[in-house]
Amino acid sequence: MNRNYNILVLGGNGFLGRNLTRGLSKNGIKSIVYDVSRPSETSSGVSYYQGDLQDRDKIIKLIRDNDVNVVVHMVSTIIPGSTMEQYINNCRIVQLSTIPIMDYCAANKIKVVYFSSGGTVYGVKGGAISENEPVAPISYYGLSKIQIEDLIHFYHRRYHLDYLIIRPSNPFGPGQNLYGKQGLIAVILGHLLKGEHISVYGDGSVVRDYIYIEDFIYYVIELIKKDVKNETINVGSGVGTSINDIIKTFEEVAGKKIQVDYLTSRKDDVPMLILNVRRLHNYVEHKDCTVKEGIEKYYLSVNKKD
């Protein structure tokens, strides 16, 4: 690492943010979390501040007072299944509020790392999808991510903003909400622990790219440490796994049958989405754990706490 980093993580109290700041701390990198609520558990070496993305003066003061040189933007108020009304609200809170932050970062030579989406921005395509593929989202969530990417590219072209756009696949593992609406593997595990049926949209043949959270965070931190900039990079495993295969793996790991209710498929769900990760591995060499190994680790970590 050739420089000292002071990193502000906007929206850092979520699953990815908590794991990222914990990983940064382990690497001796100072980070500051700014989010609408304070976390129930804090990490050493991380400072926490509460506020809304719309309070640009507060955010800019944090950047200035802490000599921040990297801003990580992870804020979103919607998920892939969100409605038009929720999308409009997200535009007000996130898209519009991002503009003055990008403007300040560009003027003060502060790098922006943006967590986009590798699962929704590409739309309906087959095979392993590279970053050069045209984006074609079919959900409001994917649309919102592309709009922020476009904003970043605009500030790069016009004001030479340095950036790194990360398009994650589907990270999973400890710290993810077992009883939420997002994160298939976490949701299945939550239902499994409660002995409940799980609901699957479609016939379970939908294929996604899953990556264990420790591997995902390793890649992100290495990309930051290597000062990779002005790139868009898929961060995933490059391996596709179907919903039915995930269910089967859980049954093998837990030693019990899972009852599945198959529902009508949703229009927001593309049948297959696997990320081409060649560009990622040009920068960072790392051996990922398999989906089965990750599920085993996740399952054991939860059972140890219970």
Side-chain angles (χ1 to χ4, degrees), residues 1-10 12 15-17 19-31 68-74 102 105-106 109-122 125 127-135 145-146 148-153 155-157 160-173 208-240 273-291 293-294:
M1 185 167 57
N2 297 323
R3 57 182 291 196
N4 293 322
Y5 287 97
N6 292 325
I7 298 179
L8 172 62
V9 185
L10 302 174
F15 168 54
L16 296 184
N19 278 280
L20 175 61
T21 53
R22 192 178 301 121
L24 290 170
S25 182
K26 289 178 180 177
N27 278 267
I29 301 174
K30 177 184 176 182
S31 63
V68 167
N69 47 29
V70 177
V71 170
V72 178
H73 187 331
M74 309 179 77
M102 294 299 102
C105 288
K109 301 190 182 307
I110 297 165
K111 181 178 173 182
V112 172
V113 178
Y114 178 60
F115 277 57
S116 182
S117 169
T120 63
V121 299
Y122 292 114
K125 294 183 173 67
I129 304 171
S130 78
E131 299 87 347
N132 295 326
E133 286 283 335
V135 292
K145 293 293 186 179
I146 288 302
I148 301 292
E149 286 194 19
D150 286 344
L151 178 63
I152 290 169
H153 288 305
Y155 272 96
H156 173 68
R157 289 191 303 270
H160 308 293
L161 172 72
D162 283 337
Y163 69 89
L164 171 62
I165 294 172
I166 291 172
R167 290 178 176 168
S169 59
N170 293 275
F172 71 95
R208 292 291 183 271
D209 182 327
Y210 299 93
I211 183 169
Y212 191 59
I213 187 62
E214 290 179 1
D215 296 320
F216 176 78
I217 295 300
Y218 177 84
Y219 285 124
V220 173
I221 292 176
E222 286 299 304
L223 290 170
I224 291 173
K225 287 166 62 176
K226 291 175 184 290
D227 197 24
V228 177
K229 58 189 176 183
N230 306 329
E231 284 273 29
T232 298
I233 299 180
N234 289 335
V235 180
S237 67
V239 177
L273 210 158
I274 306 167
L275 298 184
N276 181 321
V277 291
R278 189 173 298 114
R279 182 178 296 176
L280 171 65
H281 289 289
N282 285 339
Y283 288 106
V284 183
E285 283 294 340
H286 177 64
K287 180 174 172 53
D288 305 332
C289 71
T290 64
V291 168
E293 290 168 344

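The structure displayed is predicted, hence computed values, not measured ones.
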Shortest non-hydrogen contact between [X] and [Y], atoms and distance:
X: Asn276; Y: Glu131; value: O-OE2, 4.0 Å
X: Phe172; Y: Phe15; value: C-CZ, 3.8 Å
X: Val68; Y: Val71; value: CG1-CG2, 4.0 Å
X: Pro168; Y: Ile166; value: CD-O, 3.2 Å
X: Ser169; Y: Ser237; value: OG-N, 4.3 Å
X: Val228; Y: Leu164; value: O-CB, 3.8 Å

Within the side chain of [X], is there an N or O that forms a donor-acceptor pair under 3.5 Å with the backbone of [Y]?
X: Thr232; Y: Ile165; value: no
X: Ser25; Y: Thr21; value: no
X: Asn27; Y: Ile29; value: no
X: Asp209; Y: Leu275; value: yes
X: Asp215; Y: Cys289; value: yes
X: Asn6; Y: Asn69; value: no

Stepwise side-chain contact (heavy atoms from CB on, under 4.5 Å) check, Leu280 with Asn234: CA-CA 7 Å; Leu280 171 65; Asn234 289 335; 6.0 Å; no
Less than 4.5 Å apart, any side-chain heavy atom of Phe115 and any of Leu20?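 SC-SC contact between Phe115 and Leu20 confirmed.
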Inter-residue atom distance [X].[atom1] - [Y].[atom2], 0.5 Å rounding:
X: Asp227; Y: Lys111; atom1: CG; atom2: NZ; result: 4.5 Å
X: Asn19; Y: Ile217; atom1: CG; atom2: CD1; result: 5.5 Å
X: Leu273; Y: Ile129; atom1: CG; atom2: CD1; result: 4.0 Å

Residues two or more places apart in sequence or in another chain: which of them pass ring-ring contact (aromatic ring centres under 6.0 Å, His included) with Tyr122?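 ring-ring contact (aromatic ring centres under 6.0 Å, His included) list for Tyr122, sorted by chain: empty.
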Listed by chain and number, what are the ring-ring contact (aromatic ring centres under 6.0 Å, His included) partners of Tyr219, not counting sequence neighbours?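 Tyr219 satisfies ring-ring contact (aromatic ring centres under 6.0 Å, His included) with His281, His286 only.
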Kindly determine whether Ile146 and Thr120 satisfy side-chain contact (heavy atoms from CB on, under 4.5 Å), including the steps that lead there. CA-CA 9 Å; Ile146 288 302; Thr120 63; over 6 Å; no
Non-neighbouring partners of Asn230 that pass side chain to side chain contact (heavy atoms under 4.5 Å, CB included), sequence neighbours left out: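 Counting only residues at least two positions away or on another chain, Asn230 forms a side chain to side chain contact (heavy atoms under 4.5 Å, CB included) with His156, Asp162, Tyr163.
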Sequence neighbours excluded, every pair satisfying salt bridge (charged side-chain N to carboxylate O under 4.0 Å, His left out) that has a member inside residues 231-240: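 Every pair satisfying salt bridge (charged side-chain N to carboxylate O under 4.0 Å, His left out) with a residue in residues 231-240: Glu231-Arg279.
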With side-chain contact (heavy atoms from CB on, under 4.5 Å) as the criterion, how do Ile224 and Ile7 come out once you've worked through the C-alpha distance, each side chain's angles and the decisive distance to 0.1 Å? CA-CA 10 Å; Ile224 291 173; Ile7 298 179; 4.1 Å; yes
Partners meeting salt bridge (Lys or Arg N to Asp or Glu O under 4.0 Å) with Asp288 (sequence neighbours left out):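 Result, salt bridge (Lys or Arg N to Asp or Glu O under 4.0 Å) vs Asp288: none returned.
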Looking at His73, Glu149, Lys145, Arg167, which hits side-chain hydrogen bond (donor to acceptor under 3.5 Å, both in side chains) with Ser116?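 That would be Glu149.
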Looking at residues at least two apart in the chain, or sitting in another chain, which of them share a side-chain hydrogen bond (donor to acceptor under 3.5 Å, both in side chains) with Asp150?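 Scan of Asp150 (side-chain hydrogen bond (donor to acceptor under 3.5 Å, both in side chains), adjacent residues dropped) gives none.
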